[in-house]
Amino acid sequence: MIAIINYKMGNLQSVGNLLEYLGEEYVITDKKEEIAGADKIILPGVGAFTEAMKNLRELDLLDILKEEVLEKKKPFLGICLGMQILAEKGYEGGECDGLGFLKGEVRHFDLKDKKLPIPHVGWNTVKPKEGSILYGNDVRERVFYFVHSYHLICKDEEDVSGYADYGGNFVASVEKGNIFATQFHPEKSQDDGIEVFKNFLAYKSA
Amino acid sequence: MLKKRLIACLLLKDGQLVESIGFSRFLVVGNAIMAVKHFNAWGVDEIIFLDINREKNYDFERNDVYYDNTLKEFAEVIRYVSKSSFVPITAGGGIRSLDDIRKYLSAGADKVSINSAAIENLQIITEGAKRFGKQCLVVSVDAKKMPDGTHHVMKNFGKEDTGMNVVEWAKKAEEAGAGEIFLTSVDMDGSLQGYDIPLIKSVVEAVNIPVIASGGVGDWNHLVEGIELGGVAAVSVGNKFHFTEHSTMHAKKYMKEHGIDTR
């Protein structure tokens with residue numbers, strides 16, 4: 001059973017649709033028992049950083065996430081905003097503390113080429129690093145769907161598992177033990193995205 | 001680098017997928033659910049799904065067991081078709097409030113397209129951006145060419161001239177928090193004669209958010225023109241896609257052969 005965390009941030013059904021397509025059981029939930037009872041946790045999300053943290057706090061889900069992910073090492077996948085709030089700090093909607101699962105912060109794109117539109121919307125190439133689990137240890141370039149104006153800046157380079165290029169390299173995905181996260185939307189990226197989901201679903205914590 | 005996007009634009013009227021000609025004539029071309037499945041299989045990059053129905057009839061008029069003819073509102077249709085779509089879906093048509101936006105997003109849409117409500121009150125974009133993030137707010141603009149060569153924003157399905165200049169309006173929408181502009185030429189819609197390039201170019205140069213060109217594609221070369229001459233981030237095709245088997249595959253092949261970086 002996979003728990004998709006419902007914290008009122010955007011389109012959760014898409015992730016559910018893909019899990020259903022892959023024949024995986026899931027529940028979209030904000031209940032602690034269901035999160036604790038699940039084998040894996042997915043934190044999707046679109047919207048603003050501050051709003052996301054506020055909602056998680058109001059739903060009283062901060063402690064259970066820390067417990068399940070950091071202590072019990074349950075496999076966790078953050079998507080888009082669900083990746084960004086893993087950082088220590090964000091600036092969308094005012095300066096705000098994140099979950100702090102990863103060292104780093106989330107900043108607005110500051111591109112030299114002012115002609116590049118922001119948000120960064122569309123399909124972009126990702127270069128996976130060697131040894132990545134989400135990409136099945138295959139460094140072949142993939143194409144994923146992105147939609148965001150802010151991006152994660154990691155303090156620990158080894159947390160990054162893939163980069164994309166939009167007026168310069170930025171973090172497309174991270175992997176740190178049982179914690180996985182993507183800036184792109186694998187649930188909206190057709191075959192390459194389905195592969196990422198399959199790799200996450202096949203992963204078992206050591 | 002970021003690829004140029006090819007978008008299929010689907011119009012739903014009285015439960016049927018239709019082709020639009022100049023915003024005034026509509027021909028039934030098929031079934032929305034099959035179309036979404038096909039476009040996914042054919043590697044389209046995105047789907048814009050607009051409800052132009054004002055009768056609140058969502059009967060697919062199919063007796064096959066696969067179709068649910070009891071759907072009562074567009075959000076239910078989105079929920080239904082999004083199960084077969086693993087590319088982003090933008091839903092629009094009849095959005096009046098933040099609640100409508102929430103309803104469409106929670107039904108499975110990734111973005112919403114807002115037209116009239118933004119013209120009446122831009123607050124819906126400002127507030128929507130705060131609550132849902134600007135990345136999911138597409139402001140749809142219907143543009144008509146004036147005798148002096150400028151373009152005016154039209155409302156009420158392209159029938160009524162608001163008197164507003166398109167370029168000024170696009171800038172205002174960006175400032176309010178729009179994430180993208182979906183720009184349709186009322187004049188070229190259904191003409192198969194190509195995009196209104198001067199229109200597209202004027203908006204692309206004025207804003208720093210992605211612009212999607214719409215209205216007029218009758219030839220794959222029009223897609224190349226939209227990107228190379230118009231400078232858009234994405235090109236949208238409606239009618240032309242409905243009448244060609246494997247349409248998006250052919251379109252992409254053509255774009256690639258002409259130097260456009262697509263997926």
Side-chain angles (χ1 to χ4, degrees), chain A residues 6 8-18 20-22 28 44-52 55 80-81 84 92-93 111 113-125 142-150 164-168 185-194 197, chain B residues 1-7 40-41 43-47 78-91 101-102 104-112 128-138 174 178-181 204-205 207-212 231-234 261-263:
Chain A
N6 179 7
K8 295 182 284 186
M9 297 305 286
N11 183 354
L12 307 163
Q13 195 52 51
S14 302
V15 175
N17 290 342
L18 185 54
E20 194 177 316
Y21 172 79
L22 293 173
I28 297 177
V46 290
F49 194 105
T50 315
E51 179 95 356
N55 288 0
C80 195
L81 185 60
Q84 297 187 349
E92 187 176 12
L111 304 175
D113 183 353
K114 299 296 175 203
K115 277 194 177 158
L116 286 175
I118 292 172
H120 169 234
V121 186
W123 299 78
N124 205 334
T125 314
R142 324 290 157 91
V143 185
F144 297 100
Y145 183 78
F146 291 82
V147 51
H148 60 124
S149 305
Y150 286 76
D165 177 6
Y166 192 60
H185 289 271
E187 78 282 12
K188 288 286 163 182
S189 299
Q190 289 202 322
D191 297 352
D192 284 347
I194 290 168
F197 261 93
Chain B
M1 273 310 282
L2 190 64
K3 314 267 181 201
K4 297 294 180 184
R5 282 175 284 158
L6 179 64
I7 298 176
N40 262 270
V44 80
D45 295 324
E46 217 170 306
I47 293 169
I78 298 167
R79 190 176 297 282
Y80 206 63
V81 300
S82 67
K83 285 195 184 300
S84 320
S85 177
F86 301 123
V87 297
I89 294 184
T90 300
I101 300 177
R102 183 187 298 287
Y104 284 14
L105 293 178
S106 62
D110 299 279
K111 307 185 234 184
V112 291
K130 251 186 238 159
R131 200 166 314 170
F132 309 107
K134 66 184 249 179
Q135 80 295 323
C136 72
L137 295 173
V138 180
E174 176 184 25
E180 286 178 89
I181 303 275
V204 167
E205 282 169 1
V207 298
N208 195 35
I209 51 178
V211 176
I212 304 162
V232 287
D261 186 16
T262 62
R263 182 168 67 101

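Nothing here was measured: the structure is a model prediction, and the numbers come from that model. Reminder, nothing fancy here: chain letters follow the sequence lines and each chain counts from 1.
- Here the NZ atom belonging to B:K83 is positioned 4.5 Å from the CG atom belonging to A:N17, to the nearest 0.5 angstrom.
- Both the backbone and the side chain of A:T125 come within less than 4.5 Å of a heavy atom in chain B.
- In this structure, B:K130 NZ and A:E92 CD are separated by 13.0 Å, a value rounded to the nearest 0.5 Å.
- Per-residue counts of heavy-atom pairs under 4.5 Å with chain A were compared for B:A107, B:A109, B:A233; the largest is that of B:A109.
- A:V121 is listed as a side-chain neighbour of B:E180, based on a closest heavy-atom distance under 4.5 Å.
- Interatomic distance, CE of A:M9 versus CG of B:L105, reported as 11.0 Å (0.5 Å rounding).
- Only the side chain of A:E20 comes within less than 4.5 Å of a heavy atom of chain B; its backbone N, CA, C and O stay farther away.
- For the pair A:S189 and B:F86, the minimum side-chain heavy-atom distance is 4.5 Å or more.
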Intermediate values then yes/no, side-chain contact (heavy atoms from CB on, under 4.5 Å), B:K3 and A:N124: CA-CA 6 Å; B:K3 314 267 181 201; A:N124 205 334; 5.9 Å; no

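- In plain terms, the two heavy atoms of B:K134 and A:P119 that are nearest each other are CE-CD, 3.7 Å.
- When heavy atoms are compared at a cutoff of 4.5 Å, A:E51 approaches chain B solely by way of its side chain, counted from C-beta outward.
- The CG atom of A:L18 sits 11.5 Å away from atom OG of B:S82, with the distance rounded to the nearest 0.5 Å.
- Interface summary for chain A: among B:S85, B:P88, B:G133, the most heavy-atom pairs under 4.5 angstrom belong to B:P88.
- Interface remark: A:H120 contributes side-chain atoms only to the contact with chain B (heavy atom separation under 4.5 Å).
- Residue B:E174 does not touch chain A at all, counting heavy-atom pairs closer than 4.5 Å.
- Under the 4.5 Å side-chain criterion, counting only non-hydrogen atoms from C-beta, A:K188 is not in contact with B:V87.
- The minimum heavy-atom distance between B:G108 and A:S14, with the atom names listed, is O-OG, 3.9 Å.
- With a 4.5 angstrom heavy-atom cutoff, B:N40 touches chain A via backbone and side-chain atoms both.
- Note that CG of B:D110 and CD of A:Q13 are 11.5 Å apart. Values are rounded to the nearest 0.5 Å.
- For B:K4, no part sits under 4.5 Å from any heavy atom of chain A, backbone or side chain.
- For A:K8, the NZ atom sits in a loose shell: 12 or fewer heavy atoms of surrounding residues, nucleotides or ligands are nearer than 6.0 Å.
- For A:L12, no part lies under 4.5 angstrom from a heavy atom of chain B.
- When side chains are defined from C-beta on, B:Q135 does not count as touching A:H148, because their heavy atoms never get closer than 4.5 Å.
- Taking the side chain as every heavy atom from C-beta outward, A:W123 and B:R5 approach each other to under 4.5 Å.
- Pairing each heavy atom of A:L116 with each of B:N208, the nearest pair is O-OD1, 3.4 Å.
- Residue A:K114 qualifies as enclosed at atom NZ: its count of foreign heavy atoms under 6.0 Å is above 12.
- Scanning both residues, B:P210 and A:P117, for their nearest heavy atoms gives N-CB, 3.7 Å.
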